[in-house]
Amino acid sequence: MLSYLARRLLISIPTLILISVFVFTLQKMLPGDPVLALAGEDRDPETLDRLRELYNLNKPVWMQYLLWAKGVVQGDLGVSIRTGLPVSDMILSKLPVTIQLAVMSMIFAIVIGIPAGILSAVRKGTATDYAANVVALSGLSIPNFWLGIMLILLVSVKWQLLPASGYVPLTEDPVQSLRTMLMPAFVLGTGLAASLMRHTRSAMLGVMRQDYVRTARAKGLAERRVILRHAFRNALTPVVTLIALLFGELIAGAVLTEQIFTIPGFGKMVVDAVFSRDYAVVQAVVLVTAIGFILMNLVADAANVLLNPRLRLS
Amino acid sequence: MKLTQTVLLAALLSSSALAAQAQTLRIGLESDPDALDPDRSRTFVGRIVFTALCDKLIDVGADLSLIPQLATEWSFSEDGKALDMTLREGVVFHDGTPFDAAAVKANIERSKTLDDSVRKTELSSVESVEVLDATHVRLNLSAPDAPLLAQLADRAGIMLSPSSFDSDVAANPVCSGPFKFVSRVAQDKIELEKFGDYWNADAIKIDRVTYLPIPDSTVRLANLQSGDLDLINRLAATDAQTVENAGNLVFAKAEGLGYQGITFNIMNGAKADNPFGKDARLRDALSLSIDRAAINQVVFAGLNAPASQFVSTASPYFDPAFPVPARDIEKAKALIAEAGVSTPLELELQFPNRPESQQVVQMIQAMAAEAGINISLSAKEFATMLTDQKSGDFQASQVGWSGRIDPDGNITGFVSTGGGFNDGGYSNAEIDRILAEARAESDVEKRKALYHEANVILNEEQPLFYLYNEAWLYGVSDKVAGFTAYSDGMIRLENIELKQ
């Protein structure tokens with residue numbers, strides 16, 4: 001198992017290189033001169049040239065990439081041309097925020113999505129099933145930014161229950177930290193819960209038709225035990241894979257949700273970076289996100305192996 | 001079990017007002033400032049933070065006059081080539097270093113020599129800085145430079161502690177302002193606390209101030225309404241009524257110095273070859289087809305001001321000889337006929353992809369159509385638009401300027417030959433001469449006369465025309481007392497109090 005995971009990690013290195021080349025090229029294809037964006041209202045030709053020189057922007061693209069890659073290999077992600085701060089510091093300060101948001105959203109998604117999926121599969125064709133489906137469809141269709149603003153207006157402005165936005169680190173004030181994250185995590189979580197519910201439902205429906213479910217019932221097991229232990233455990237494989245993928249998506253940053261609740265996570269950072277053509281920051285975020293995705297996929301594979309003994313043989 | 005759950009829930013949901021810290025003023029800004037190093041800073045919001053953090057040599061009063069801050073007196077020499085300044089005594093930087101003439105010299109030299117300093121142009125006339133004694137300093141200039149005083153009232157005049165030059169200034173700026181730097185989390189917040197040894201400490205009545213960048217104006221307002229913020233910058237004009245109607249909020253407004261207008265490509269590459277680039281009468285016709293007051297009413301709830309020239313009515317340099325042109329379709333049609341071109345005329349107009357800009361240009365599109373001008377609109381992301389504009393890939397551009405207190409900063413770069421913002425490539429030797437002369441003149445009345453001459457020519461040739469001056473709109477909690485809105489858009493914290 002360990003050697004399998006190590007092999008998987010090694011294989012992902014070329015993937016990472018490919019991703020970084022791809023993103024670098026795409027960024028360079030974006031119209032808009034970073035130096036002009038950077039100079040803002042203080043642009044005179046001399047300053048622009050000096051800035052170009054300083055950030056290697058006057059060099060050919062392939063050389064810019066190699067200079068960047070060389071830094072990364074040496075552990076230096078470069079300096080943000082917008083804030084003048086080291087990119088690695090920026091990433092490190094955002095990572096806990098993003099992870100906290102991702103974990104809390106995922107908890108919401110799982111707690112809502114999976115039981116709803118099981119319930120609607122077990123009661124297929126009943127009012128419960130239809131209701132769950134309608135709710136799930138709404139969850140998928142309601143835009144996050146709308147739900148976010150509505151929640152702020154209701155919960156914060158009208159009832160004054162939770163802070164409208166902002167972020168407090170978990171280490172500084174855990175209660176306040178949870179309070180600030182509750183709404184954004186809920187907004188993100190409901191969207192994900194919908195797709196989790198749909199996937200759980202279809203996986204469960206597939207499993208419920210299997211012979212071993214009938215056998216379990218024939219043995220006289222309680223329905224509850226049949227569903228949770230025999231059916232659900234086998235239906236989990238696609239659901240776990242989906243959770244891992246969704247989690248990767250969350251790490252990539254919940255752009256709109258973070259903007260609305262002004263949570264200083266990856267999404268907000270990458271948006272600001274793209275608008276100011278802050279190449280080093282975009283590159284770094286993409287790299288970290290890609291690593292996150294790869295790791296989550298590994299975790300999903302490992303989890304599936306643990307869940308499904310048949311997979312252990314191969 | 002049940003009890004702990006209830007307690008936990010109650011703790012989680014306890015009113016956000018309770019969690020608010022006393023005596024911390026929380027200000028919502030529209031974006032995150034860039035580097036907090038006065039020599040590297042470029043953003044407008046950055047200047048707002050510097051207002052609390054750093055003193056400048058000169059400050060700006062509510063009437064836009066230049067008033068003492070770190071310098072108590074200043075005067076130009078007879079030939080205008082030396083600026084003598086007397087410095088305030090007993091001032092210390094946040095790290096305890098005393099402020100003196102040597103510090104002024106060190107700061108100006110840093111601004112002029114630092115590799116990536118963006119202050120070099122602003123201080124280009126300064127040849128050397130002479131320390132006369134501890135409290136007197138002389139700036140030797142290569143040529144008379146009246147706008148220099150305004151630069152010294154902005155970031156070029158910010159004094160950093162010279163002993164902090166070797167450290168990472170942006171990460172921990174050490175100035176001499178009323179508040180000192182505590183911490184910053186990018187895209188999240190900037191925290192400052194009161195500096196006890198500030199020379200004017202009596203005027204500072206709050207202990208801490210926190211700046212929070214919140215890009216969405218609806219969300220910024222929601223935070224003010226919920227009590228999570230005490231003051232918000234850039235209130236959307238359409239939300240002003242909401243603030244006025246709320247019992248616990250106060251609406252504040254100051255006339256701005258900036259403008260939004262339309263710049264034409266006159267002589268920058270192949271795209272200048274269009275009827276509007278070639279004939280000033282057509283530009284005038286387009287200008288006359290626009291009802292500026294209607295745009296202001298519809299898009300900005302009447303809170304901005306229709307504009308006619310490069311300075312706003314807030315400026316002492318406003319020229320009453322050039323009032324806002326009224327809409328005159330007949331005259332516009334007559335001008336087009338006089339130019340001898342066939343209608344409908346075609347014009348490409350680019351604009352930044354913001355909702356307000358879009359509404360403005362759509363109104364212009366509809367109004368111009370009545371005069372026989374077909375405008376095709378193209379929305380562009382701001383960085384892209386700037387690049388296209390600079391390289392001449394445009395016919396007309398809806399673009400603006402945040403405004404400077406010295407009139408020179410609002411016009412010279414835009415219309416003088418080879419000016420840094422002259423993207424249309426306009427060039428007129430007479431304009432160049434007048435603006436250079438106005439720049440060298442320090443007598444206000446004489447400068448006004450020169451700018452009047454320039455306005456006469458610019459009004460005729462219209463390399464760009466003006467649509468409206470943006471006002472600074474604020475939403476303020478009624479817990480905040482003593483807030484004054486300034487035309488330069490800065491948030492000054494002197495005399496602000498927080499009631500409980």
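Chain identifiers are assigned alphabetically (A, B, ...) following the order of the sequence lines, protein sequences preceding nucleic acid strands; residue numbering begins at 1 within each chain. Given the structure is predicted, the values throughout are model-derived calculations rather than measurements.
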Any A/L36 side-chain heavy atom under 4.5 Å of B/M385 side chain: no

Neighbour count >12 (heavy atoms, 6.0 Å) for atom CZ, A/F275: no

A/F22, CZ atom: more than 12 neighbouring heavy atoms under 6.0 Å: no

Between A/D173, A/L54, A/V155, the one whose heavy-atom pairs under 4.5 Å with chain B are most numerous: A/L54

Selection from B/D216, B/V185, B/D37, B/D115 maximising heavy-atom pairs under 4.5 Å formed with chain A: B/D115

Main-chain N/O of A/G166 paired to B/K189 side chain as donor or acceptor, under 3.5 Å: no

Distance, nearest 0.5 Å, that separates CD1 of B/I214 from CZ of A/F261: 12.0 Å

Part of A/K158 lying under 4.5 Å from any heavy atom of chain B: neither

Residue A/I260 versus chain B: region with a heavy atom under 4.5 Å: both

Straight-line distance of A/D33 CG to B/L386 CG, nearest 0.5 Å: 9.5 Å

Shortest non-hydrogen contact from A/Q160 toward B/Q225: NE2-O, 3.5 Å

Option that, when pairs with chain A are counted at under 4.5 Å, heavy atom only, ranks first among B/A170, B/S391, B/A186: B/A186

Side chain A/R50, main chain B/S117, donor-acceptor under 3.5 Å: yes

Side-chain heavy-atom pair B/Q187, A/K94 within 4.5 angstrom cut-off: yes

Side chain to side chain, A/P31 and B/E381, heavy atoms closer than 4.5 Å: no

Spatial distance of atom CG (A/L153) from atom OG (B/S226) [nearest 0.5 Å]: 10.0 Å

Pairwise distance CG(B/D228) to OG(A/S156) - rounded to 0.5 angstrom: 6.5 Å

Rounded distance [0.5 Å steps], CG in B/D116 versus CD1 in A/I81: 11.5 Å

Minimum heavy-atom distance between B/N223 and A/A164, given as atom pair plus value: OD1-CB, 3.3 Å

Qualifying residue, where the test is side-chain contact (heavy atoms from CB on, under 4.5 Å) with A/S165 and the options are B/L212, B/V219, B/L229: B/V219

Atom CG of B/N245 with >12 non-hydrogen neighbours under 6.0 angstrom: yes

Part of A/Y55 within contact of chain B (heavy atom distance under 4.5 Å): side chain

Within-4.5 Å side-chain heavy-atom neighbours: B/D188 and A/T262: no

Separation between CG of A/L85 and CG of B/L36, rounded to the nearest 0.5 Å: 8.5 Å

